[in-house]
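The block underneath contains the structure these notes are about, expressed in C-alpha cells.
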Amino acid sequence: MLTDIMTDGQQQRLTGLIEQSESIVCVCHQNPDGDALGSCLAWAEMLRTVYGKEPQIIVPDQYPDYLQWLPNSEKIIRYDKHREGCDWTLAHADLIFCLDFNTASRTADMESALCGSPAKKVLIDHHLNPDVQTEVTVSRPEASSTCELVFRLAWQMGCFGKMGKHFAVPIYCGMMTDTGGFTYNSQDPDIFLIISQLLTKHINKDKIYRNVYHTFSVDRLRLTGFVMYRRLVVDNDLHASYFTLSRADLKRFHFVKGDAEGLVNMPLQVKGMKLSISLREDTEKDSLVWVSLRSVDTFPCNEMAAQFFNGGGHLNASGGRLYCSLPEAVEVVKKAIETFKEKLE
C-alpha cells in the first residue's frame with residue numbers, strides 16, 4: 001500500500017499538536033488554486049471529523065469562481081476582505097497549518113500577520129526549499145500536489161476510513177487541477193491508488209472535472225480564441241511559444257478571476273511544442289505581470305521560472321511574476337528562451 005511520509009516522531013508530534021490546540025487555522029498562498037483550496041478544505045474536514053476541532057480557513061485573496069462549489073467553501077474567510085478580524089484570529093491561534101506554500105512571502109499581505117503569530121506552525125507542501133519556521137514540516141516536492149500529501153497524512157494517521165465526500169471531493173479536485181487533469185507530474189502509480197480509494201467515498205470524478213473545466217462564460221471562450229489567433233507567438237525552431245494578455249485585452253472580454261486558467265496549456269497541443277509561457281498584466285497593480293509556464297517531457301519550467309521570473313514550481317508546471325511593463329516582460333521571455341535554447345532544440 002502507500003508508504004509513510006512522516007516518521008513516527010513526526011506523527012506523534014503532529015497528533016499531539018492537534019489534540020492540544022483549541023484555536024486552529026489553515027492558510028494557503030495568494031491567488032488560491034484548486035490544490036491550495038482543496039488541501040485546506042480537506043485538512044479542515046479531517047480535523048473536524050476525527051478530532052472534533054473547528055478550524056478556520058483564511059486565504060489571502062479571491063479565488064476563482066469555478067472553485068466556489070467545493071464543499072464547505074462558504075466557510076472560507078478572505079484576508080483582503082476581513083483583515084482586522086483575520087489579524088486577530090492569527091494572533092490568537094494555537095496552531096496554524098500552512099498548506100501549499102513553501103515560504104511566507106507567498107501569502108502576500110497576510111505575511112506579516114502569519115509570521116508575527118505566536119502560534120505553533122505545521123507546513124504541508126510540495127514545493128522546493130521550504131523556509132517556514134515550523135514544529136513539523138511535511139515537504140515532498142516529488143508529490144503531485146499538496147492534496148496528495150493531505151491524503152497520505154490522513155491515511156498514515158488512520159483517519160481516512162472515517163472520512164466522507166467532504167474530504168474526498170476537494171482532495172480529488174486539488175490533485176486533478178495540479179496535474180492538468182493528470183496529464184503531467186502524475187506518473188507515480190500511488191496517485192492512481194489514491195484515486196481508487198477516493199472513489200470508495202462515492203465521489204463523482206466526472207462531475208468534478210465538469211465543475212472545474214466546463215463552467216466558463218462565453219466571454220472566456222471568446223478570450224481563448226482571441227489569444228490563440230492574435231496574441232500567440234510561436235518559435236518553431238526552438239519549439240517554444242508565448243502569449244500576452246494586457247489589461248485592455250482582459251477588460252475587452254470582461255475578465256474575471258479564473259478566466260485565464262488553462263490557456264497556457266493550449267499551445268502544447270502543437271506538434272513538437274516543448275514550452276508555453278503566458279504573460280498576464282495584473283488588472284489593478286501597475287508594472288506587475290503574472291507568468292505561467294508549462295512544458296512537456298524533461299524541459300525544466302521550474303529552473304526557468306527561478307532564473308528569469310522570480311518564481312518556481314515543478315518540472316512541467318511553474319509560475320512567477322515580473323515587476324515591469326508587458327513589453328518589457330516579453331523581452332525577458334525572449335531572453336529566457338534564448339538562454340534555454342539547447343534544451344528546447
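Atoms considered below: every heavy atom in the structure, side chains included; atoms not considered: hydrogens, waters and symmetry mates.
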So, for H214 and Y209, is the gap between ring centers shorter than 6.0 Å? yes
Validation row: V169, P71 side chains within 4.5 angstrom (heavy atoms):
yes
Item to complete: Determine, for K81 against D61, whether the closest basic-nitrogen to carboxylate-oxygen distance falls under 4.0 angstrom.
Response: no
Could you list the donor-acceptor pairs under 3.5 angstrom formed between side-chain atoms of residues 337-345 and any protein atom two or more places apart in sequence or on another chain?
unit_1, atom_1, unit_2, atom_2, d
E338, OE2, K341, NZ, 3.0
T339, OG1, K335, O, 2.8
K343, NZ, E303, OE1, 3.4

Practice task
State, with a plain yes or no, whether a side-chain heavy atom of V50 is found less than 4.5 Å away from one of M163.
Solution key: yes
Closest non-hydrogen atoms of R140 and L149, given as atom of the first, atom of the second and distance, are CB-CD2, 3.7 Å
Below 30° counts as parallel, above 60° as perpendicular, anything between as tilted: where do the rings of W43 and F97 land? perpendicular
Heavy-atom nearest pair, S73 first then Y63, reads O-OH, 3.4 Å
- Query: Any side-chain heavy atom of V291 sitting closer than 4.5 Å to one from R321?
  - Reply: no
Tightest non-hydrogen contact, residues W290 and Q30, listed as CH2-OE1, 3.9 Å
Scanning both residues in full, the closest heavy-atom pair of P170 with L70 reads CA-CD2, 4.1 Å
Evaluate the side-chain proximity of I171 to L198: yes if any heavy-atom separation is below 4.5 Å, no if none is. yes
Q. So do L279 and V330 actually touch side chain to side chain, heavy atoms under 4.5 Å?
A. yes
| message | In the structure I gave you, are the side-chain heavy atoms of Y51 and C159 within less than 4.5 Å of one another anywhere? | response | yes
| query | Is it true that L232 and L245 fall in one hydrophobic cluster, defined by side-chain heavy atoms closer than 4.5 Å? | reply | yes
Minimal heavy-atom distance between S318 and A305, with the atoms involved, is CB-CB, 3.8 Å
Checking D65 against Q68: is there a side-chain donor and acceptor pair closer than 3.5 Å? yes
Compile the donor-acceptor pairs under 3.5 Å between side chains in residues 257-272 and protein atoms, sequence neighbours left out, one pair per line.
unit_1, atom_1, unit_2, atom_2, d
K257, NZ, N31, OD1, 2.7
K257, NZ, Q62, O, 2.6
D259, OD2, V256, N, 3.2
E261, OE1, Y66, OH, 3.2
N265, OD1, R294, NE, 3.4

All N/O donor-acceptor pairs, side-chain side in residues 82-89, below 3.5 Å, sequence neighbours left out:
unit_1, atom_1, unit_2, atom_2, d
R83, NE, Y79, OH, 3.2
D87, OD1, Y79, OH, 2.6
T89, OG1, G85, O, 3.0

> Quick one: do the N302 and H314 side chains pair a donor with an acceptor below 3.5 Å?
Replying inline: no
Residues H126 and D35: closest non-hydrogen pair is NE2-OD2, 3.4 Å
